[in-house]
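The shown structure was predicted, so the numbers you read here are calculated from the model rather than taken from an experiment.
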Amino acid sequence: MGEGQGLGVVTQLTLAVEPTFDVAQHVYLRLPLDQVQAHFDTIMESGYSVSLFTDWQTDASTQVWVKRRTGADMPPVEPALYGAPLADRNVHPILALSAVHCTEQMGIPGPWYERLPHFRMEFTPSSGDELQTEYFIPRDRVLEAIEALRAMGDRIAPVLLISEIRTIAEDDLWMSMSYGRPSVAIHFTWNPDWLAVQLLLPELEDTLGAFGARPHWGKLSATIPSDLHARYPRMEDFRSLLRAYDPSNKFRNDYMDLFGFYT
C-alpha cells in the first residue's frame, strides 16, 4: 500500500505458512437481498471463504460464492441457500460475461491457489476495463450499510458493473483498513466512466462514512484527508514513525501528500 512506502524498503519478510490444502467452490444464484440481511452471519460463515455479488437492485443478480476446504469433515452441500439454488454451470460474477476466466466451480476440488481467487491466474481478472472502489465497514454496522446501499440502488446501478461483499478479520496493523475491528469489505467495480464515478462517490462515501467506512488505500476515493484520518486511531503514531524512519522525506511522494500523511 502507498502509505507503507514512506517507511523505506522492505529487506526481510517472514511468512507464517501451513501445509497445502484443497478447496471446492460452489456458487448459489438469485439470493434474495432480504435474506442477505436476515441471515448475513450464517451466509458469510458457510465456507472457508465466502463472497456475495450484487448490483444493489435485483435479487436476480445476487450470487454467493462459497469456497470450502475439502476433507472428511466438510458438510454436505445444500441444494439451495435461503432460496438461492446452486448454479448448474460455471458463472462469472457479472452474469452476462463468460466464465472462461473464472476459477473452477461446481464443487470440483483443487489446490487452494486455484480456488480461493475468483479468476484464473493466467487470465485478466474481472472485466478488465473498469474502475474500482472498496470500503471497510465495522462488521457490527454492516446491516445498516447494506440497507443504505439498497436505498441508493437506482443511483449506483447506471455506473456499476458488480459489487462484492466479503468479511475481513480484525488485525493490529496501524494503517490497515481492518485495524482494531472485524470488518466487512464492500467493493464496487465500476464502468470505466470516471466522470460518472466522480459524481457518485461523494454521496456514496457520505452514506458509508456514517458507519465508519475506511476506503481501500489502493483504490479510488473522494474522502477528504481530515475525515480519513479520524477513522485511524494510530494516525499520529504512524506520522511519528514516518519522521523517525525518513527524517529527510526521501520516500515522500504525491500519493502520500494526497492523503495528508505529512504535517
Side-chain angles (χ1 to χ4, degrees), residues 1-2 4-5 9-10 12-31 43-44 46-55 60-71 74 77 81 84-136 159-169 176-178 184-194 197 215-221 255:
M1 292 187 294
Q5 298 170 7
V9 179
V10 175
Q12 186 175 356
L13 185 67
T14 300
L15 298 176
V17 299
E18 64 173 293
T20 189
F21 57 92
D22 284 350
V23 170
Q25 179 171 220
H26 295 86
V27 176
Y28 293 89
L29 302 176
R30 303 185 298 280
L31 177 69
I43 291 169
M44 300 309 290
S46 61
Y48 181 81
S49 174
V50 177
S51 288
L52 297 173
F53 291 96
T54 185
D55 65 1
S61 75
T62 304
Q63 308 172 33
V64 190
W65 290 43
V66 181
K67 305 165 192 277
R68 298 180 178 182
R69 293 181 66 147
T70 61
M74 189 176 91
V77 177
L81 180 68
L86 271 175
D88 59 5
R89 67 193 188 286
N90 285 356
V91 296
H92 192 286
I94 303 170
L95 286 171
L97 297 183
S98 167
V100 67
H101 292 185
C102 297
T103 49
E104 191 66 63
Q105 301 159 29
M106 305 300 295
I108 299 173
W112 60 270
Y113 54 84
E114 292 182 353
R115 295 295 183 275
L116 293 182
H118 300 321
F119 299 96
R120 300 175 189 267
M121 287 185 286
E122 64 269 29
F123 289 109
T124 299
S126 194
S127 69
D129 188 11
E130 63 197 39
L131 300 173
Q132 297 186 0
T133 57
E134 188 168 26
Y135 305 93
F136 288 63
V159 195
L160 186 71
L161 288 171
I162 199 66
S163 183
E164 179 181 5
I165 306 171
R166 57 197 179 96
T167 56
I168 311 291
S176 165
M177 291 82 71
S178 295
V184 176
I186 303 179
H187 171 89
F188 299 86
T189 298
W190 307 107
N191 284 301
D193 182 347
W194 176 225
V197 173
H216 191 296
W217 290 113
K219 300 179 183 180
L220 298 171
S221 170
Y255 179 95

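- With Lys67 contributing its side chain and Arg115 its backbone, the two residues share a donor-acceptor pair below 3.5 Å.
- Taking every heavy atom of both residues into account, Leu131 and Asn191 meet most closely at CD1-O, 3.8 Å.
- With sequence neighbours excluded, the residues satisfying side-chain contact (heavy atoms from CB on, under 4.5 Å) with Ser178 are Phe136, Ile168, Asp171, Ser176, Ser183.
- Other residues, nucleotides and ligands place more than 12 heavy atoms under 6.0 Å from the CD atom of Glu18.
- Considering OG1 of Thr189 and CD of Glu130, their distance stands at 5.0 Å, rounded to 0.5 Å.
- Nearest approach of Ser49 to Leu116, heavy atoms of both residues: CB-CD2, 4.2 Å.
- Considering only residues two or more places apart in sequence or on other chains, Thr167 meets the side-chain contact (heavy atoms from CB on, under 4.5 Å) condition with Phe40, Met44, Arg139, Val184.
- Side-chain rings of His92 and Phe119 approach one another, their centers coming within less than 6.0 Å.
- We find the OG1-CG distance between Thr70 and Asp22 to be 4.5 Å, quoted to the nearest 0.5 Å.
- For Leu161 against Trp190, the heavy-atom pair with the smallest separation is CD1-O, 3.6 Å.
- Between Phe53 and Leu95 the shortest side-chain heavy-atom distance does not fall below 4.5 Å.
- Arg30 and Ala60 get closest at one heavy-atom pair: CG-O, 3.8 Å.
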task = Under the side-chain contact (heavy atoms from CB on, under 4.5 Å) rule, what do Val159 and Phe188 come out as? Steps first, then yes or no, please.
result = CA-CA 10 Å; Val159 195; Phe188 299 86; over 6 Å; no
inquiry  = Go through it in stages, so that I can follow the logic: the residues are Tyr113 and Met121, the test is side-chain contact (heavy atoms from CB on, under 4.5 Å), and I'd like the CA-CA distance, side-chain angles, deciding distance and then a yes or no.
reply    = CA-CA 9 Å; Tyr113 54 84; Met121 287 185 286; 4.2 Å; yes
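- With sequence neighbours left out, Glu122 forms a salt bridge (charged side-chain N to carboxylate O under 4.0 Å, His left out) with no residue at all.
- Here Glu134 pairs with Arg166, Lys219 under the salt bridge (charged side-chain N to carboxylate O under 4.0 Å, His left out) rule; sequence neighbours left out.
- In this structure, NE2 in His26 is found 7.0 Å from CZ in Arg68, a value given to the nearest 0.5 Å.
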List, one per line, each side-chain donor-acceptor pair under 3.5 Å for residues 96-111, sequence neighbours excluded.
from, atom 1, to, atom 2, distance (Å)
Ser98, OG, Val100, N, 3.1
His101, ND1, Thr124, O, 3.3
Thr103, OG1, Gln25, NE2, 3.1
Thr103, OG1, Pro117, O, 2.8
Thr103, OG1, His118, O, 3.3
Glu104, OE2, Asn90, ND2, 3.1
Gln105, OE1, Val91, N, 3.0
Gln105, NE2, Val91, O, 2.8

request  = Step by step, work out the side-chain contact (heavy atoms from CB on, under 4.5 Å) result for Tyr48 and Phe21.
outcome  = CA-CA 12 Å; Tyr48 181 81; Phe21 57 92; 3.6 Å; yes
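- Residues satisfying the side-chain contact (heavy atoms from CB on, under 4.5 Å) criterion with Ile43, sequence neighbours excluded, are Leu31, His39, Leu52, Val64, Leu81, Tyr82.
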